[in-house]
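Everything numeric here is computed off the predicted structure, so don't read it as measured data. Proteins come first, then strands; the chains are lettered A, B, ... in the order of their sequence lines, and each starts at number 1.
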Amino acid sequence: MKEALNFVSNMSKYHFNSIEAKWQKYWAAHQTFQAKNHSSNPKYYVLDMFPYPSGAGLHVGHPLGYIASDIYARYKRHKGFNVLHPQGYDSFGLPAEQYAIQTGQHPRKTTEENIARYREQLDKIGFSFDWSREVRTSDPAYYKWTQWIFIQLFESWYDKTLDKARPIDDLIALFAAEGNREVQAVCDEDVVQFSAEQWQSFSFEEQQKILLQYRLTYLAETEVNWCPQLGTVLANDEIVNGVSERGGYAVVRKKMKQWSMRITAYAQRLLDGLDTIDWPQPLKDSQTNWIGRSKGATVRFKINNFDNYVEVFTTRPDTIFGVSFMTLAPEHDFVNLITTEAQKKAVQSYVEASAKRSERERMADVKTISGVFTGAFAEHPFTGALIPIWIGDYVLAGYGTGAVMAVPCGDQRDYDFAKHFNLPIPNIFEGIDISEEAYADKENTIIANSEFINGLGYAEATQKVIEALEAKNQGSGKINYRLRDAVFSRQRYWGEPFPVYYKSGLPQMIDAKHLPLTLPEVEKYLPTEDGEPPLGRADVWAWDTNKNEVVHNKLIDNEIVFPLELNTMPGWAGSSCYMFRYMDSKNNTEFASKEALQYWQKVDLYLGGSEHATGHLLYSRFWTKFMFDRGFFSVDEPVKKLINQGMILGESAFVHRIEGENTLVSKGQIEGRPVQPIHADVSMVNLQNELDIEAFKNWRPEFKDATFITETDGTFKVSREVEKMSKSKYNVVNPDDICEQYGADTLRMYEMFLGPLEQAKPWSTAGITGVHNFLKKLWKLYHSGSEDAFFVVEESASKDALKTLHKTIKKVEEDIENFSFNTSVSTFMIAVNELTAQKCNQREVLEPLAILIAPYAPHIAEELWNLLGHDTSISTVAFPKFDAKHLVESSKEYPVSFNGKMRFKLELSLDLSVSEIETAVMAHEKTQEQLQGRTPKKVIVVPGKIINIVG
RNA sequence: GCAGAAGUGGUGGAAUUGGUAGACACGCUGGACUUAAAAUCCAGUGAACAGUAAUGUUCGUACGGGUUCAAGUCCCGUCUUCUGUACCA
């Protein structure tokens with residue numbers, strides 16, 4: 001009998017599980033969130049950085065950004081926008097390949113399984129994604145277009161005069177008409193000059209070789225970051241602290257023939273574009289630093305007794321008379337040439353020693369000063385003085401020219417080097433003491449002991465020196481960038497194949513109409529025995545130019561069959577333009593239709609982590625600018641506004657083991673014993689930090705027979721520490737479990753409630769009941785307490801209820817527009833508490849309230865909307881309109897503080913103009929007293945707070 | 001070293017553009033309901049002092065100064081933490 005009663009009373013309880021399943025099914029069946037490429041409504045494009053589907057599945061940290069963007073997308077729909085909110089998968093990548101190497105399973109299979117799992121988890125959270133536009137970078141129908149973009153880059157060059165990329169045919173026409181002397185293009189540094197006649201006389205192969213030096217993607221022998229453990233090269237942004245970002249393996253420098261992207265052509269535009277986009281300042285700063293623009297000059301120093309010149313880059317041409325020696329990087333081309341017989345031995349051993357040092361050692365040890373004199377001298381361009389040429393590993397081969405003119409009085413590194421080797425430190429600064437350290441401030445300097453620039457400041461001196469150098473043909477003003485061309489080849493299997501075959505060793509593009517060039521099947525995913533990439537294992541991997549298809553390797557003797565490229569593209573290839581592909585993702589004849597690109601323009605709001613600052617987000621801007629130049633896109637930036645959501649961290653739990661014993665001791669009983677902390681799975685620890693000992697014993701067999709020293713009350717306490725959420729730290733919390741226990745709406749609101757979106761914060765379930773209780777209270781508000789049934793009446797609402805509603809509308813709208821989702825959760829809580837206290841049950845208030853809450857807690861909102869008698873989704877209903885009159889009508893006394901401690905109350909209504917309020921304030925007896933006859937300059941009225949007097 | 005962000009109760013965090021600091025939530029304390037527990041509901045909760053009480057007074061936003069009728073908020077200096085970056089000539 002009792003059970004039956006419970007069942008009845010449960011009927012109207014907030015049954016989140018069935019409600020959520022019901023509406024998720026409804027949205028999928030009705031394709032509620034499918035975006036149309038045509039609409040009379042304004043468009044809005046909200047995008048999340050698409051995930052890499054890892055085998056570990058989603059943890060509660062992943063959805064944070066998705067929830068925020070989903071709230072915004074849903075809000076924008078309520079506001080009448082045609083919203084594009086797609087999702088997809090960045091499904092090429094190293095983990096799937098490494099798993100394949102270990103298990104022999106095809107990466108496609110594991111990737112598909114992982115995607116299925118991700119999808120299942122994402123669906124449970126109730127996102128309003130338009131899945132009809134889903135993309136997967138590893139899908140041939142998608143990477144066909146990644147290959148297509150590659151071909152476009154190959155078929156383009158960068159015209160410095162027009163400052164844009166142009167078709168390579170234009171360049172060929174220019175060469176045929178006038179040779180390359182007048183052509184202003186971004187190209188390799190070692191291009192040879194030729195006339196139109198010479199161009200015509202070159203063989204096809206010679207012409208192709210030259211063109212390769214101009215193409216925006218090109219094949220070159222480059223010094224790359226080779227990671228032997230991973231068997232592949234890495235881009236600069238994939239290396240962290242001298243080791244690989246993934247795995248933390250050593251990285252060495254190695255020369256290899258590699259595809260590169262001429263991103264340096266876009267360095268200046270990538271900098272300038274930052275001013276036009278609404279991105280977080282720290283992110284812009286890191287792109288600015290990464291591009292590393294510095295203004296200065298190149299100076300050519302003649303080498304004494306040689307016909308060669310050493311070229312250096314300096315940001316301080318004004319200090320040229322302070323040069324007392326030069327330093328070359330140990331890898332510099334001239335080292336062997338200029339070293340004298342007497343110094344040969346010392347130089348050779350130094351070069352060898354520094355080549356052996358890994359990048360990491362070199363970085364770890366910045367303090368030690370080392371170097372060797374080459375025995376050679378350079379001539380000062382103005383004084384003709386002989387300057388000793390040294391080599392030293394503080395000079396980097398990869399930056400500038402790999403050589404510096406050392407000015408010890410003006411640069412601390414040069415200063416330290418000079419001190420260490422007892423080299424002269426001439427002072428060229430008026431009235432500056434350089435006996436202790438170099439003087440690097442260029443703003444407040446007057447140059448001395450410097451012939452024709454004596455008495456000048458930095459700017460003038462620099463200009464004069466550059467002019468003088470140009471007159472002597474020994475230098476010129478130059479802007480140098482730290483940004484390097486991006487290496488685009490990876491020796492991996494699980495990536496996009498290049499649409500490239502080789503004819504006489506020269507790369508040829510496969511005609512775009514024959515794409516995609518799909519990945520071949522291989523037996524193993526490791527590099528071949530003779531060091532070729534995994535694709536070298538494929539039997540069927542050559543291109544037949546007659547049949548235009550992939551054929552068997554053995555046919556290669558035939559002159560119409562050519563070997564295909566064995567490298568694959570890096571991870572960022574597929575993610576650089578994916579945001580544009582969503583606009584028309586099923587299009588099989590073009591990347592996306594002109595109409596779709598024109599309609600959606602660019603991403604209005606992009607959410608993702610800040611770790612992509614110098615990778616994905618930079619490459620994406622680069623490719624977008626390129627596509628814009630070539631007329632494929634109508635915008636030259638991919639993303640208007642970007643928000644970096646903070647990471648959700650895990651609260652790891654540690655049990656303590658007494659060193660050398662299989663004894664585990666509770667936190668409070670350690671008492672100075674030597675202990676070792678061991679990660680325990682957080683699922684075995686409760687909110688009081690008490691460990692479930694039995695579960696722990698079963699979890700780790702080695703602790704099955706361990707001794708447990710508990711607290712005096714018999715509990716076993718663990719210690720907690722905040723760390724990144726990761727499987728290996730056993731601190732992962734699965735969103736499925738939260739959905740199961742509290743519901744997706746609770747998860748969504750709680751993740752927002754945790755704190756500001758951009759901030760990193762530890763996950764803790766401690767406060768989740770507060771949010772869950774709120775949803776229960778919300779549910780109750782629409783149900784009568786006594787009969788436990790849906791209960792909303794048509795009578796008009798009280799003034800107080802309307803005031804609560806409109807206060808809430810205003811606040812929530814402001815919060816969403818400012819991305820302060822955490823505070824609007826509080827706003828809802830206040831509203832529901834107030835309406836409950838007011839016993840509000842009128843449709844006039846409860847219907848708009850459901851709409852307000854729908855972006856945050858869509859499932860319960862849909863259910864309430866349905867109970868209110870509507871048979872369509874709440875998702876497109878107009879957002880309630882704020883009406884100030886409801887606040888005005890119930891205006892009361894508001895406190896005013898003035899003149900220190902004095903406080904009094906003043907009755908005001910909101911629709912008064914500033915001057916009316918001024919009058920009211922002046923008329924108020926006490927105010928006049930306090931103002932002492934002065935007129936207030938400004939009286940500010942803000943809803944809720946009301947008054948602000950500036951006297 | 002450089003650049004950026006931030007320091008507010010026991011905890012997460014509010015505080016609009018300088019105007020009642022600590023919203024909201026967790027936790028805690030007490031109470032109601034219950035045989036009991038859970039759930040739910042109600043009340044209290046920055047600190048100190050005074051008062052039977054309502055209440056009042058003082059202090060209080062990392063630290064030290066400053067501007068202002070008024071400072072968590074603005075300015076100067078110090079300390080701490082976090083994030084990024086690092087021999088970039």
Side-chain angles (χ1 to χ4, degrees), chain A residues 13 240-241 280-286 288-290 292-294 296 312-316 319 326-327 329 362-363 365-369 392-396 398-407 410-414 416-417 440 480-483 610-611 613-614 644 646-647 687-688 749-750 753-756 758-762 764-774 776-777 780 785 810-811 814-815 818 820 822-831 833 836 894-903 905 930-932 934 936 940 942-951:
Chain A
K13 268 197 179 160
V240 177
N241 295 328
Q281 198 54 45
L283 200 150
K284 287 188 183 183
D285 289 347
S286 65
T288 306
N289 290 337
W290 191 261
R293 181 185 200 266
S294 43
V312 301
F313 174 75
T314 177
T315 53
R316 297 292 303 273
T319 63
M326 299 184 74
T327 315
R362 211 161 137 169
M363 285 205 316
D365 164 40
V366 242
K367 299 261 147 57
T368 321
I369 295 159
D393 68 3
Y394 81 96
V395 177
L396 303 175
Y399 182 75
T401 61
V404 298
M405 61 176 220
V407 183
D411 183 289
Q412 194 57 44
R413 288 156 303 166
D414 296 343
D416 294 340
F417 195 86
N480 200 46
Y481 296 95
R482 201 187 79 122
L483 184 71
S610 55
E611 67 273 18
T614 53
N644 290 130
M647 204 186 312
L687 283 174
Q688 282 73 48
M749 292 201 102
Y750 184 58
F753 185 70
L754 275 177
E758 295 93 335
Q759 207 169 85
K761 54 230 159 204
S764 153
T765 26
I768 201 165
T769 52
V771 173
H772 191 61
N773 281 343
F774 154 74
K776 286 198 245 180
K777 283 185 207 165
K780 273 193 189 162
K810 184 154 179 61
K811 185 71 169 52
E814 279 170 6
D815 284 344
N818 296 323
S820 309
N822 55 329
T823 51
S824 39
V825 177
S826 298
T827 307
F828 287 129
M829 290 179 177
I830 296 167
N833 284 342
T836 305
Y894 291 98
V896 174
S897 75
F898 193 72
N899 234 1
K901 304 260 162 68
M902 176 55 70
R903 283 168 202 160
K905 290 186 173 180
Q930 291 306 321
L931 285 168
Q932 294 172 331
R934 288 176 299 167
I940 299 166
V942 189
K945 186 69 81 65
I946 302 310
I947 195 159
N948 173 13
I949 308 173
V950 182

- Side-chain (A/Asp411) to main-chain (A/Val407) donor-acceptor, under 3.5 angstrom: no

Starting from [atom2] on [N], measure out to [atom1] on [X] and report it in whole angstrom.
X	N	atom1	atom2	result
A/Phe417	B/A89	CZ	P	18 Å
A/Arg413	B/A89	CZ	C1'	5 Å
A/Asn833	B/A23	CG	C1'	12 Å
A/Gln412	B/C88	CD	C1'	16 Å
A/Met749	B/C26	CE	C1'	16 Å
A/Ile830	B/G22	CD1	P	13 Å
A/Tyr394	B/C87	OH	P	14 Å
A/Asn289	B/C88	CG	P	12 Å

Euclidean distance for [atom1], [N] against [M] (whole angstrom):
N	M	atom1	result
B/U16	B/A53	C1'	38 Å
B/G18	B/C74	C1'	8 Å
B/G77	B/G84	P	27 Å
B/A3	B/G10	C1'	35 Å
B/U61	B/U73	C1'	10 Å

- Taking the six-membered ring for Trp, are A/Tyr399 and A/Phe313 parallel (under 30°), tilted (30 to 60°) or perpendicular (over 60°)? perpendicular

- Query: If you check the A/Ser286 side chain, which of B/G84, B/A89, B/A14 turns out closest?
  - Reply: B/G84

- Message: As a test of reading the structure: which of B/C87, B/A14, B/C24 is closest to the side chain of A/Leu396, going by heavy atoms?
- Response: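 Nearest listed nucleotide: B/C87.
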
- Task: For A/Thr827 and for A/Pro756, find the nucleotide of RNA chain B with the closest heavy atom, then tell me which residue's nucleotide is more 5'.
- Result: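 Final value for this comparison: A/Pro756.
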
So which protein N/O to nucleotides 8-12 of chain B N/O distances come out below 3.5 Å?
unit_1, atom_1, unit_2, atom_2, d
B/G12, O2', A/Leu754, O, 2.8

- Side chain proximity check, A/Val771 to A/Met829, heavy atoms < 4.5 angstrom: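 Yes, their side chains come closer than 4.5 Å.
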
- Query: Is the shortest heavy-atom distance from the side chain of A/Tyr750 to the side chain of A/Val825 under 4.5 Å?
  - Reply: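 Not touching, per the 4.5 Å side-chain cut-off.
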
- Paired and unpaired positions of RNA chain B as dot-bracket, Watson-Crick or G-U wobble under 3.5 Å, | denoting a partner strand: (((((((..(((......[....)))((((((.......))))))(((((....)))))..(((((..]....))))))))))))....

- Message: Students often get this wrong, so: under 4.0 angstrom with heavy atoms, is A/Asn822 touching a base, only sugar-phosphate, or nothing?
- Response: sugar-phosphate

- Counting primed atoms, P, OP1 and OP2 as sugar-phosphate and everything else as base, the B/S/- map of nucleotides 38-46 of chain B against protein heavy atoms under 4.0 Å is -SSS-----

